[in-house]
Number of protein chains: 2
Amino acid sequence: MSSCDLCVVRNRAICAALDSKELEALNAIGRTRNITSGESLIWEGEDSVLVANVIEGVLKLSTNTEDGREQIVGVVYPSDFIGRPFGGKSGHGVTALTDAKVCVFSRRDFDAFSREHPKLEHKLLERTLGELDRTRRWMLLLGRKSASEKMASFLIEMSERLTGSGCKVDADKPNQRHLVLPFSRQQIADVLGLTIETVSRQFTRLKNEGVIDLPSRRDVTILDYQALVAEAG
Amino acid sequence: MSSCDLCVVRNRAICAALDSKELEALNAIGRTRNITSGESLIWEGEDSVLVANVIEGVLKLSTNTEDGREQIVGVVYPSDFIGRPFGGKSGHGVTALTDAKVCVFSRRDFDAFSREHPKLEHKLLERTLGELDRTRRWMLLLGRKSASEKMASFLIEMSERLTGSGCKVDADKPNQRHLVLPFSRQQIADVLGLTIETVSRQFTRLKNEGVIDLPSRRDVTILDYQALVAEAG
DNA sequence: TGGTACCCATGATCTATGTCCAGTTGTGAC
DNA sequence: GTCACAACTGGACATAGATCATGGGTACCA
């Protein structure tokens, strides 16, 4: 029995394209790896040497200007794919925001394997097209939205992406939900293209307006989801 | 002889993955279409019904907020691929910036064809991965760069993308190059997440500093490429 | 050759957000 | 417990870029 049979993302990651025999072959060239919060798996600008599937945890993709400003260009969750297949350099670093578990492959091995398995490549293509859509939507936010619109959009996105892992919707209160952010205030600022102070002020404003509650630094209770949707623009 | 044999992007578009027999089959489900400047091929939010290859011209991909602010999320050139294969809605409109010629396919037909031709899907995957890299790089610009850095980055990107079609490098003057922009001032603003006034002021500043010259509204002569690189941050 | 409509440049203001800094809260070590 | 450090909040002020307003080019059409 291959260890993949026990994998929690077996049916959601790109591996879902493979039958058990193929999966065994893929498993033979990969290995699982644990990463602690804050640790990097890939660095910006280095040659692409490895790719991976996320099994557990949340990781950020980020780029920096030479003088140290940072922009988070993507966030990946369990079952998401990481890395740049088919050559080239990695345009962004990949760093764990929480403790994480990933299934890593040498990029060369993975490239060769995927070229022989069109169903896998097809899954990867669908996933990449989806990621491109999501990224382009985020460009509208970065280029054209105000700080308050950015914050509202961020909280909505978080409540959608964290469903199941860090976000619970109570059947009694459909307009209300609770989430545990995998981000510090600075990281939220780096996602939204704002400063930490602006993010902090937006949080307190939303709290004062009764739209959210902040039980602790990493916890957010959305009290009025519709108000957020209206504010997201 | 299929009409593809005469196609100028035959060896650069995703079609390059196909042999002449396969190409004939693809050609049978596609047709060329001329688009005049300003005309749209795909509208934001509509179901994805067609995909296409660009043969001639330049087109923009853009999204809008409900109250009319626009962000250009991508620009496509000859040999680039347009549209969203494998279902879903189009997240952005596609509009010609110049007169253009494209090779269009029904999305359903194309989906079916590509699933039967892994080499085509592979090309499409490589192209999509490249586009995702480029898009993520642009996020750093939108989220973290100043107006002057944005303008410098824009002019550099233009001089790179237009090489061959609208940009000439003179061997005598390697630090100098000429380009014909496919954008109005407003469209440049929509690419950079700025207003038209800021774009205009940046142009005159760069001109006054001797970094560029502006022979006409759509023409830019870069006089000091290195200065632009330094300013792009 | 004059009209008209768009596109662009530029000056004068305004304001959202950045910057700087001081104070507070939470957390983990010993 | 308390010490030390990092994360966060919030006030005061500065400013890049937006907004508003005007006038000049340039192309197109009659």
Side-chain angles (χ1 to χ4, degrees), chain A residues 36-38 60 65 67-71 97-99 140-155 180-209 212-220 231 233, chain B residues 36-38 60 65 67-71 97-99 140-155 180-209 212-220 231 233:
Chain A
T36 60
S37 177
K60 67 170 181 175
T65 57
D67 62 344
R69 284 167 285 174
E70 175 159 331
Q71 178 65 48
L97 295 176
T98 64
D99 290 348
L140 177 66
L141 176 141
L142 289 175
R144 291 298 186 203
K145 290 193 179 178
S146 68
S148 59
E149 291 171 322
K150 285 178 175 181
M151 269 306 285
S153 305
F154 171 78
L155 290 172
V180 180
L181 298 175
F183 299 103
S184 70
R185 295 288 186 268
Q186 181 60 61
Q187 285 159 350
I188 296 171
D190 291 338
V191 170
L192 298 177
L194 296 171
T195 58
I196 184 172
E197 292 93 336
T198 301
V199 170
S200 186
R201 284 187 245 272
Q202 291 295 326
F203 265 122
T204 53
R205 182 185 58 79
L206 287 168
K207 184 180 172 180
N208 291 338
E209 290 173 356
I212 61 171
D213 192 24
L214 299 168
S216 83
R217 286 176 171 180
R218 295 285 182 130
D219 285 289
V220 181
E231 194 167 324
Chain B
T36 60
S37 179
K60 67 169 182 176
T65 57
D67 61 343
R69 285 167 285 174
E70 175 160 331
Q71 177 67 47
L97 295 176
T98 63
D99 289 348
L140 178 64
L141 176 141
L142 290 175
R144 292 299 188 202
K145 290 192 178 177
S146 68
S148 60
E149 290 171 324
K150 285 178 175 181
M151 269 306 285
S153 304
F154 171 78
L155 290 171
V180 181
L181 298 175
F183 299 103
S184 69
R185 295 288 186 268
Q186 181 60 60
Q187 286 158 350
I188 296 171
D190 291 337
V191 170
L192 298 176
L194 296 170
T195 58
I196 185 172
E197 292 94 335
T198 301
V199 169
S200 187
R201 283 187 245 272
Q202 290 295 325
F203 265 122
T204 53
R205 182 186 58 80
L206 286 167
K207 184 180 174 180
N208 290 339
E209 290 173 356
I212 62 171
D213 192 24
L214 299 167
S216 84
R217 287 178 170 179
R218 296 285 183 129
D219 286 288
V220 181
E231 195 168 322

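Worth saying up front: this structure is predicted, and the values here are computed from it rather than measured. Numbers restart at 1 for each chain; the letters A, B, ... are given by sequence-line order, proteins then strands.
The CZ-P distance, from B/Phe203 to D/dG17, rounds to 16 Å in whole Å. Regarding A/Arg185, its CZ atom lies at a distance of 18 Å from the P atom of C/dT17, rounded to whole Å. For the pair A/Lys207 NZ and D/dT9 P, the computed distance is 9 Å after rounding to whole Å. Here the P atom of nucleotide D/dG10 and the CD atom of A/Gln202 are 12 Å apart, to the nearest Å. Rounded to whole Å, the distance from CG on A/Asp219 to C1' on C/dT27 is 15 Å. Taking atom CZ on A/Arg205 and atom P on D/dT9, their separation rounds to 14 Å, with Å as the unit. Atom C1' of nucleotide C/dG11 and atom CD1 of B/Ile196 are separated by 16 Å, given to the nearest angstrom. Rounded to whole Å, atom C1' of C/dT10 lies 16 Å from atom CG of B/Leu206.
Each of B/Lys145 and A/Gln186 was assigned the nucleotide of DNA chain D with the nearest heavy atom; the assignment lying further toward the 5' end belongs to A/Gln186.
Side-chain N or O atoms of A/Asp99 include one that pairs as donor or acceptor with a backbone N or O of A/Ser37 at under 3.5 Å. Between the side chain of A/Glu149 and the main chain of A/Glu231, no donor-acceptor pair closer than 3.5 Å is present. With hydrogens and angles ignored, the 3.5 Å screen pairs a side-chain donor or acceptor of A/Arg185 with a backbone N or O of A/Arg217. B/Arg144 places a side-chain N or O within donor-acceptor distance of the main-chain N or O of A/Leu194, the cut-off being under 3.5 Å.
Among the heavy atoms of the strands lying under 4.0 Å from B/Ser200 is at least one base atom, whether or not backbone atoms are also near. Nucleic acid contact for B/Ser216: none, since no nucleic acid atom lies under 4.0 Å from a heavy atom of the residue.
Direction change of the helix axis from one end of the helix from C/dT1-D/dA30 to C/dC30-D/dG1 to the other is 40°, with five pairs defining each end axis (rounded to 10°).
Taken to the nearest 0.5 Å, the CG atom of A/Leu181 stands 12.5 Å off from the OG1 atom of A/Thr98. The distance from atom CZ of A/Arg69 to atom NZ of B/Lys145, rounded to the nearest 0.5 Å, is 8.0 Å.
Looking at the side chain of A/Thr204, the nearest of the listed nucleotides D/dC8, D/dT9, C/dC8 is D/dT9.
Put simply, the side chain of A/Ile188 reaches to within 4.5 Å of the side chain of A/Phe203, judged on heavy atoms.
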Per-nucleotide protein contact string for nucleotides 18-28 of chain D, where B marks a base within reach and S marks sugar-phosphate only (heavy atoms under 4.0 Å, - for neither): SBB---BB---
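Of all non-hydrogen atoms in A/Gln71 and A/Asp190, the two that sit nearest each other are NE2-O, 3.0 Å. Closest heavy-atom contact between A/Pro215 and A/Asp213: CD-O, 3.4 Å.
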